Amino acid sequence: MPAIDFLIAGLGNPGSRYVRTRHNIGFMTVEYLVRWAQAGVQSLSCGRSQSRCWLWSGPDDKQCLLAEPQTYMNLSGKALRSLCRAYNVHADQVVVIHDELDLTLGKVRMKFGGGLAGHNGLKSIAQELGTRDFYRVRMGIGRPEPGTEVTRHVLSPFFPWEQDQLSNALSRAAEGIRLLCIEGMQSSMNYVHADQD
């Protein structure tokens with residue numbers, strides 16, 4: 001197994017009832033990357049890590065482990081800690097893709113470290129890794145309409161009329177992650193954040 005340069009983990013919940021829901025936009029982004037990279041990606045057995053995994057050979061000779069923790073959102077950190085130990089990955093090589101209520105659908109933001117914004121998946125990861133210093137790809141899903149509970153909102157599917165915004169966000173995130181891997185955070189942010197304000 002080659003040395004891993006980045007562990008790129010999309011957050012979500014396993015099972016058919018959660019497929020294509022807003023909370024699973026992290027899973028959707030990883031799956032978009034797998035399709036986007038095509039021949040450069042191969043499925044991996046990650047043993048007892050409780051994750052679906054792929055090896056992305058590239059970009060630019062970087063070796064990236066793509067993962068979807070299967071522990072449910074609130075326990076994502078346990079799966080990531082297991083992967084970090086198995087592949088000798090440090091927290092500052094971890095890229096977490098997650099849903100973000102404070103961004104409208106279609107918006108994508110990159111950051112390193114900082115607060116957890118009440119996100120239970122991020123809380124679990126910070127606790128299990130012992131630090132908040134990991135990369136985040138914040139995928140906007142917007143806040144619920146007045147009178148709609150947050151839980152109901154995040155577990156609801158995207159509407160048909162939202163598909164163009166969703167597709168654009170997935171594409172922007174994928175290119176941002178590629179740039180992060182080969183050129184660093186500043187290049188990634190310059191691309192991802194452009195024309196989104």
Side-chain angles (χ1 to χ4, degrees), residues 1-14 24-71 73 75-100 108-114 121-122 124-139 167 169-193:
M1 179 71 188
I4 297 298
D5 295 291
F6 290 95
L7 166 55
I8 301 165
L11 302 191
N13 288 313
N24 274 34
I25 198 169
F27 278 13
M28 290 183 218
T29 307
V30 166
E31 288 158 16
Y32 184 96
L33 277 166
V34 169
R35 294 191 303 272
W36 190 57
Q38 295 183 350
V41 172
Q42 65 185 62
S43 181
L44 280 183
S45 172
C46 286
R48 294 184 231 172
S49 71
Q50 296 179 287
S51 298
R52 292 181 67 202
C53 298
W54 299 263
L55 178 64
W56 181 13
S57 296
D60 199 31
D61 296 325
K62 301 292 185 185
Q63 300 295 314
C64 301
L65 183 64
L66 303 174
E68 291 180 353
Q70 301 293 296
T71 50
M73 180 72 77
L75 298 174
S76 298
K78 292 186 180 298
L80 290 195
R81 183 182 63 178
S82 177
L83 287 172
C84 286
R85 286 179 174 173
Y87 293 95
N88 195 30
V89 172
H90 301 287
D92 62 2
Q93 297 170 277
V94 173
V95 182
V96 176
I97 311 162
H98 65 91
D99 59 312
E100 178 62 72
V108 181
R109 290 285 185 270
M110 310 285 293
K111 69 182 289 191
F112 181 82
L122 294 179
S124 173
I125 293 166
Q127 180 178 357
E128 295 292 340
L129 298 187
T131 181
R132 296 182 178 190
D133 291 338
F134 50 86
Y135 293 99
R136 298 96 180 274
V137 183
R138 303 165 61 216
M139 305 290 291
S167 294
L170 295 175
S171 174
R172 185 179 289 266
E175 177 61 12
I177 291 166
R178 187 188 74 84
L179 288 169
L180 171 64
C181 293
I182 64 175
E183 296 182 14
M185 187 61 159
Q186 193 58 55
S187 290
S188 178
M189 291 175 66
N190 288 346
Y191 171 80
V192 168
H193 298 180

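Predicted model only: the values in this text are computed from it and were never measured.
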Side chain to side chain donor-acceptor pair (under 3.5 Å) against R136, all qualifying residues, sequence neighbours excluded = none
message = Contact between V34 and L66 at the side-chain level, heavy atoms closer than 4.5 Å - yes or no?
response = yes
task = Please identify each residue that fulfils salt bridge (Lys or Arg N to Asp or Glu O under 4.0 Å) with E128, with sequence neighbours left out.
result = K78, R81
message = By the side-chain hydrogen bond (donor to acceptor under 3.5 Å, both in side chains) test, which pairs, at least two apart or in different chains, include something from residues 55-65?
response = S57-Q63
request  = Find out whether V89 and L65 are in side-chain contact, i.e. whether some heavy atom of one side chain is under 4.5 Å from a heavy atom of the other.
outcome  = no
request  = Work out which heavy atom in F27 is nearest to a heavy atom in P69; give both atom names and the distance.
outcome  = CZ-O, 3.2 Å
ask   = Listed by chain and number, what are the side chain to side chain donor-acceptor pair (under 3.5 Å) partners of E175, not counting sequence neighbours?
value = R178
key: Min side-chain heavy-atom separation C53-L83 under 4.5 Å   = yes
Output side-chain donor-acceptor pairs under 3.5 Å for residues 91-99, partner residues at least two apart or in another chain, one line each.
residue: Q93; atom: OE1; partner: H90; partner atom: N; Å: 2.8
residue: Q93; atom: NE2; partner: I4; partner atom: O; Å: 3.2
residue: Q93; atom: NE2; partner: D5; partner atom: O; Å: 3.2
residue: D99; atom: OD1; partner: H23; partner atom: ND1; Å: 3.4
residue: D99; atom: OD1; partner: H119; partner atom: NE2; Å: 2.8
residue: D99; atom: OD2; partner: H23; partner atom: ND1; Å: 2.8

ask   = What pairs with S82 under side chain to side chain contact (heavy atoms under 4.5 Å, CB included), at least two apart in sequence or on another chain?
value = S49
message = Side chains of L170 and W36, heavy atoms from C-beta outward: is any pair under 4.5 Å?
response = no
request  = Could you grab the distance from atom CG of L33 to atom SG of C64, nearest 0.5 Å is fine?
outcome  = 9.0 Å
key: Taking every non-hydrogen atom, the tightest pair across N13 and M73   = OD1-N, 2.8 Å
